[in-house]
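What you see is a predicted model, and the numbers here were worked out from it, not measured in a lab. Reckoned from all heavy atoms, side chains included, excluding hydrogens, waters and symmetry mates. Letters A, B, ... are given to chains in the order of the sequence lines, protein chains preceding strands, and every chain is numbered from 1.
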2 protein chains.
Amino acid sequence: MENPAITRYSNVPGVDALVNELIGRVADKWTLLVLEALEEHGESRFSALARAVPGISQKMLTQTLRQMERDGFVHRTVHPVIPPHVDYRLTPLGHSLGEAFCSVWLWAEAHLETVAAARADFDNRD
Amino acid sequence: MENPAITRYSNVPGVDALVNELIGRVADKWTLLVLEALEEHGESRFSALARAVPGISQKMLTQTLRQMERDGFVHRTVHPVIPPHVDYRLTPLGHSLGEAFCSVWLWAEAHLETVAAARADFDNRD
DNA sequence: AACCGATACTCTCTTTTGGAAAGTAGGCAC
DNA sequence: GTGCCTACTTTCCAAAAGAGAGTATCGGTT
């Protein structure tokens, strides 16, 4: 009873599930915030990212960076010195993702007040 | 000890936290998928959305639609008939968000294989 | 030799979130 | 009455996230 219909901006049926999965991975708050921090500050260390992404826990930062590394968005450089020194930087793929999200950031900035007004309106109904 | 520095594509310090919050709301897998379904199919009923968004539970669909309604992305029309009939459609604001995300969908489609290859490569290391 | 500091994690515990499935409401055909 | 229809709502349980302390490493200090 599945609807095999066209979905998504391209209409290739079998690809949709995969695109959905990738979107699910990419449409993640922390991924987006880390991506943005790396776009903004360039190559950064773990502790710098922890500072740059407000509210992220070390655990989530580690996890997010691992996923992003696995997906090929960031490159991890370990300098074998004491104390340890690890740098993270965007790959070209990660950078291209950042550019794709650029319009979303701009949208968020542009419509911040509209959304706030909509929320206030909604909360004051009934 | 907070770093008040420039973040985001605009550099207005106080706005950043709000933009972050909005991004967190908007960069949500289910929100994105529902948004896409509404872009694709136009005004839809609850059950049609449940079918159009593969894998979503009723609970998450209800919750996501409520949030999107509160944020002003969707309009909810209740037809007071029996059995109940409720239609959801994108507001202009919701549509503009969909357009902002368009580049992300295109990115996902375009780089699907690159990401798959990166993952395979990562998983086969050490 | 014991201790400390620095850095990037890692582990444990508690809270929050998400999914599956059953329940609710209310008129209408039977 | 009983069952049916749709759009939720609730409940229970499992998975995920956050807080915060712990770990490994080595050189320098005491």
Side-chain angles (χ1 to χ4, degrees), chain A residues 1-3 17 20-21 23-35 37-38 41 43-71 74-89 122 125-126, chain B residues 1-3 17 20-21 23-35 37-38 41 43-71 74-89 122 125-126:
Chain A
M1 301 309 137
E2 280 288 73
N3 177 348
N20 266 20
E21 195 262 340
I23 284 287
R25 168 64 57 86
V26 145
D28 170 70
K29 179 186 173 185
W30 295 130
T31 300
L32 220 55
L33 258 20
V34 168
L35 190 67
L38 284 171
H41 302 302
E43 189 168 47
S44 308
R45 333 184 31 167
F46 186 88
S47 52
L49 285 172
R51 253 172 282 119
V53 179
I56 198 169
S57 67
Q58 291 190 324
K59 181 174 149 186
M60 283 315 297
L61 182 53
T62 302
Q63 208 172 100
T64 304
L65 286 169
R66 276 290 167 318
Q67 281 178 173
M68 293 177 77
E69 188 191 358
R70 186 171 110 96
D71 289 342
V74 305
H75 183 80
R76 183 169 179 270
T77 312
V78 182
H79 302 281
V81 296
I82 302 293
H85 184 141
V86 182
D87 282 320
Y88 296 92
R89 67 180 152 76
F122 183 91
R125 282 210 293 271
D126 64 36
Chain B
M1 299 306 139
E2 281 289 74
N3 178 348
N20 265 19
E21 195 261 341
I23 283 287
R25 169 64 57 84
V26 144
D28 170 69
K29 179 188 174 185
W30 296 130
T31 301
L32 220 55
L33 258 20
V34 168
L35 190 67
L38 284 171
H41 302 302
E43 188 168 48
S44 308
R45 327 182 38 167
F46 186 87
S47 52
L49 285 173
R51 255 173 282 119
V53 178
I56 198 169
S57 67
Q58 292 191 324
K59 184 173 150 184
M60 280 319 293
L61 183 51
T62 302
Q63 207 173 100
T64 303
L65 285 169
R66 274 290 147 13
Q67 279 179 176
M68 292 176 78
E69 189 192 357
R70 187 171 109 96
D71 288 343
V74 305
H75 183 79
R76 184 170 178 269
T77 313
V78 181
H79 302 280
V81 296
I82 300 294
H85 183 140
V86 182
D87 282 320
Y88 297 91
R89 69 180 151 74
F122 184 90
R125 283 211 292 272
D126 61 36

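- Here the C1' atom of nucleotide D:dA16 and the CH2 atom of A:W30 are 14 Å apart, to the nearest Å.
- In this structure, CD1 of B:I56 is placed 11 Å from P of C:dA20, rounded to the nearest angstrom.
- When heavy atoms are screened at a 4.0 angstrom cut-off, B:S47 is found touching the sugar-phosphate backbone but no base atom.
- A distance of 10.0 Å separates CE of A:M68 from CG of A:L61, quoted to the nearest 0.5 Å.
- For A:T62, whose side chain is taken as the heavy atoms from C-beta onward, the closest listed nucleotide among C:dA6, C:dT10, D:dT9 is C:dT10.
- The distance between atom CD of B:Q58 and atom P of C:dG23, rounded to the nearest whole Å, is 14 Å.
- For the atom pair CD1 of B:I23 and CG of A:L33, the computed distance is 8.0 Å after rounding to the nearest 0.5 Å.
- The residue among A:P84 and B:K29 whose nearest nucleotide of DNA chain C lies closer to the 5′ end is A:P84.
- Between C:dT7 and A:Y88, no contact under 4.0 Å exists linking OP1 or OP2 to a side-chain N or O.
- Regarding B:M60, its CE atom lies at a distance of 13 Å from the C1' atom of D:dA16, rounded to whole Å.
- Between A:R76 and C:dA8, a side-chain N or O to OP1/OP2 separation shorter than 4.0 Å is absent.
- Distance B:Q67 CD to C:dG18 P: 9 Å, rounded to the nearest Å.
- The residue among A:K59 and A:I82 whose nearest nucleotide of DNA chain D is located toward the 5' end is A:K59.
- By the 30° and 60° cut-offs, the orientation of the rings of B:H79 relative to B:H85 is perpendicular.
- Between the NE2 atom of B:H85 and the C1' atom of C:dG27 there is a distance of 17 Å, rounded to whole Å.
- Rounded to the nearest 0.5 angstrom, A:I56 CD1 and A:L49 CG are separated by 8.5 Å.
- For B:R66 and D:dT9, the shortest distance from a side-chain N or O to OP1 or OP2 is below 4.0 Å.
- The CD atom of B:Q63 sits 16 Å away from the C1' atom of D:dA7 (whole-angstrom rounding).
- Residue B:R45 has no polar side-chain atom (N or O) positioned under 4.0 Å from OP1 or OP2 of D:dT6.
- Annotation: the span from A:R66 atom CZ to A:R76 atom CZ amounts to 4.5 Å, rounded to 0.5 Å.
- Rounded to an integer number of Å, the gap from A:L65 CG to C:dT7 P is 17 Å.
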